[in-house]
Amino acid sequence: MWAYDDSRAALRDVLRLSRAMTYKAAVADLPLGGGKGVIMTPLLGPLTPERRHAGLLDFADTVEALGGRYITAEDVGTSSRDMSVIVERTRYVAGLPRRRGGSGDPSPFTALGVESAIRACCERVFSTDSLRGRSIGVIGLGHVGSRVARRCARAGSRLLLADVDESKRRLADELGARWTTPERALTATVDVLAPCALGGFLDDQTVPRLGCAIIAGAANNQLADERIADVLAARQILWAPDFVVNAGGLINIAEEFSDYDPAAARRRVRGISDTLRQIFEAAEAMDATPLTAAMELARRRLAAGPVPVAAT
Ligand code: NAD
């Protein structure tokens, strides 16, 4: 659920996001396709609780009409509480609260996956996956970013935190982290940058100004366009493809389709580090970027055959 300037912007976003979901599910080797729904809040008018509720129900009717070819779940702007509204009109919803038989908020699993990805990147660049003493910048301290920051703080990293929302500064104080603006965090000299806000910020203007060795974060669609993966490689910055790094939530949700076991979900999510190792090795062997290697892996899996269930 997001405030887009116009419906073309919403359409562009949903197409980019659904493509990323396809790659995400394929690389994570899940029996899912890829899809995305957006709810454009300006269309709902001033967002009163009643209008929000009506918008969710309207969306739920669309999902139901697809008859199970699309399964919705929470993302930016929605919560597992919203999924409890959507389930009033459709069965095709995942990520319901645990007390309602779902797997609950996917964010802790996404954050675990981001930590696993950061470790795999550190191993590649610094020859150790230890996060002790590593300087890590986290931009965006929402559901995922705040948890990534806590996990890295527990692992002994030195943190630089940023968010457009000044109230998130409290987290920096609590974790003994440095606080800065998102603009400064983007170009700060750090070992790892973990972008956990919105996408599209890596472009021809920002990449030359980056001061990090590694980028691994939850934000979807981080590259303004795919060519930027080459620009990052030319600067010798290791960029872990976002759709690999942030698959933890989807991996957890996919567990709902068998007997949900959070411990099994955590094990699978930690496997993101092995997937990344495989991608980095393939990239080196192909003399290509990690993006090319990850897309190649996804395409091979997609070509291997149809998947039994559609998207979340
Ligand atoms: P969220 O809405 O809970 O948090 C986003 C945070 O980013 C907020 O604190 C917001 O104030 C901040 N923010 C917004 N614009 C910013 C900017 N320009 N600079 C700095 N901070 C900014 O969202 P989330 O669930 O934590 O998701 C974060 C990102 O990860 C999104 O791109 C989302 O699509 C992606 N993602 C999330 C999940 C999940 O499980 N929640 C899974 C996969 C991918």
Side-chain angles (χ1 to χ4, degrees), residues 1-4 13-14 16-25 27-28 30 32 34-39 41 72-83 94-95 102-117 137-151 160-172 179-188 193-203 206 215-224 240-256 265-266 269 272 311-312:
M1 184 179 284
W2 198 251
Y4 294 96
D13 204 27
V14 79
R16 268 156 43 104
L17 289 165
S18 54
R19 184 168 184 262
M21 289 301 285
T22 306
Y23 283 124
K24 191 183 303 193
V27 169
L30 300 173
L32 299 167
K36 204 76 182 177
V38 299
I39 305 174
T41 52
T72 194
E74 69 189 79
D75 202 339
V76 173
T78 58
S79 64
S80 49
R81 209 171 334 135
D82 294 324
M83 299 307 114
S103 61
D105 179 5
S107 311
F109 294 88
T110 306
L112 172 63
V114 173
E115 184 200 345
S116 304
V138 184
I139 304 179
L141 302 166
H143 290 94
V144 181
S146 61
R147 290 179 166 96
V148 170
R150 284 182 193 287
R151 299 192 76 92
L160 177 68
L161 305 185
D163 197 294
V164 283
D165 178 355
E166 266 286 321
S167 74
K168 302 289 168 78
R169 191 183 193 129
R170 275 200 300 273
L171 181 67
W179 172 260
T180 189
T181 61
E183 293 71 28
R184 288 216 173 111
L186 188 61
T187 55
L193 189 65
C196 296
L198 300 177
F201 61 93
L202 292 173
D203 58 27
T206 55
I215 303 176
N220 274 311
N221 293 332
Q222 294 168 18
L223 306 183
D242 40 21
F243 56 85
V244 184
V245 175
N246 69 17
L250 183 61
I251 292 171
N252 178 56
I253 277 173
E255 284 284 318
E256 278 187 32
R266 276 192 290 276
V269 172
I272 286 176
T312 61

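Just so we're clear, the structure is a prediction, and the values are computed from it rather than from any experiment. Every heavy atom of this structure was used, including side-chain atoms; hydrogens, water molecules and symmetry mates were not. Ligands are counted one by one from 1 in listed order, and the atoms in each one are counted from 1 as well.
- The N/O atoms of T110, backbone and side chain alike, include one that comes under 3.5 Å of an N/O atom in ligand 1.
- Contact analysis leaves G199 out of contact with ligand 1, as no non-hydrogen atom separation drops below 4.0 angstrom.
- Geometrically, ligand 1 and A162 share no nitrogen or oxygen pair separated by less than 3.5 Å.
- Side-chain contact, S79 with E74: no donor N or O sits under 3.5 Å from an acceptor N or O.
- Contact detail for A265 and F109: the closest heavy-atom pair is CB-CE2, 3.9 Å.
- With ligand atoms numbered from 1 in the order given, ligand 1 contributes 43 (C), 44 (C) to contacts under 4.0 Å with heavy atoms of N246.
- Under 4.0 Å from ligand 1, the heavy atoms of D75 that appear belong solely to its side chain.
- Here the CG-CE distance, from L30 to M21, works out to 9.5 Å after rounding to the nearest 0.5 Å.
- Proximity of V76 to ligand 1, defined as any heavy-atom pair under 4.0 Å, is confined to the side chain (atoms from C-beta onward).
- No part of E74 comes within 4.0 Å of ligand 1, judged by heavy-atom distances.
- In terms of modelled atom types and a separation under 3.5 Å, the side chain of T206 and the main chain of F201 share a donor-acceptor contact.
- Looking only at heavy atoms of the protein, atom 8 (C) of ligand 1 is closest to D163 OD2, 3.6 Å.
- Using a 4.0 Å cut-off between a side-chain N of Lys or Arg and a carboxylate O of Asp or Glu, D165 and R170 do not qualify as a salt bridge.
- When only non-hydrogen protein atoms are considered, atom 25 (O) of ligand 1 lies nearest to H143 CB, 3.7 Å.
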(Q) Under the criterion side-chain contact (heavy atoms from CB on, under 4.5 Å), I'd like the reasoning laid out for D13 against R16: C-alpha separation, chi angles, the key distance, then a yes or no. (A) CA-CA 5 Å; D13 204 27; R16 268 156 43 104; 4.2 Å; yes

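- Of the protein's non-hydrogen atoms, the one nearest atom 6 (C) of ligand 1 is G142 N, 3.7 Å.
- At the top of the distance list for atom 13 (N) of ligand 1, counting protein heavy atoms only, stands V164 CG2, 3.6 Å.
- Between W2 and L198, the closest side-chain pair of non-hydrogen atoms falls below 4.5 Å.
- Under the 3.5 Å distance criterion, with hydrogens and angles disregarded, no donor-acceptor pair is assigned to the side chains of N221 and D242.
- Atom 30 (O) of ligand 1 has A218 O, 3.2 Å as its closest protein atom, hydrogens excluded (heavy atom only).
- Between A197 and ligand 1, at least one pair of N/O atoms sits closer than 3.5 Å.
- The residue D105 has no part lying near ligand 1, judged by heavy-atom distances below 4.0 Å.
- Under 4.0 Å is where a charged nitrogen must lie from a carboxylate oxygen, and between K36 and D75 at least one such pair does.
- Atoms of ligand 1 lying under 4.0 Å from at least one heavy atom of P182, given by number and element, are 19 (N), 20 (C).
- Taking all atoms of both residues into account, the shortest heavy-atom contact from M83 to G95 is CG-O, 3.9 Å.
- Ligand 1 places these atoms under 4.0 Å from at least one heavy atom of C196: 28 (C), 29 (C).
- For a threshold of 3.5 Å applied to N or O pairs, the pair formed by N220 and ligand 1 contains at least one separation below that value.
- In this structure, atom 26 (O) of ligand 1 lies nearest to the protein heavy atom V144 N, 2.9 Å.
- Listed by atom number, the atoms of ligand 1 under 4.0 Å from I139 heavy atoms are 20 (C).
- Using a non-hydrogen distance threshold of 4.0 Å, G140 registers as a contact of ligand 1.
- K168 is not listed as a side-chain neighbour of L161, based on a closest heavy-atom distance of 4.5 Å or more.
- Under the salt bridge (Lys or Arg N to Asp or Glu O under 4.0 Å) criterion, E115 pairs with R119, R151, sequence neighbours left out.
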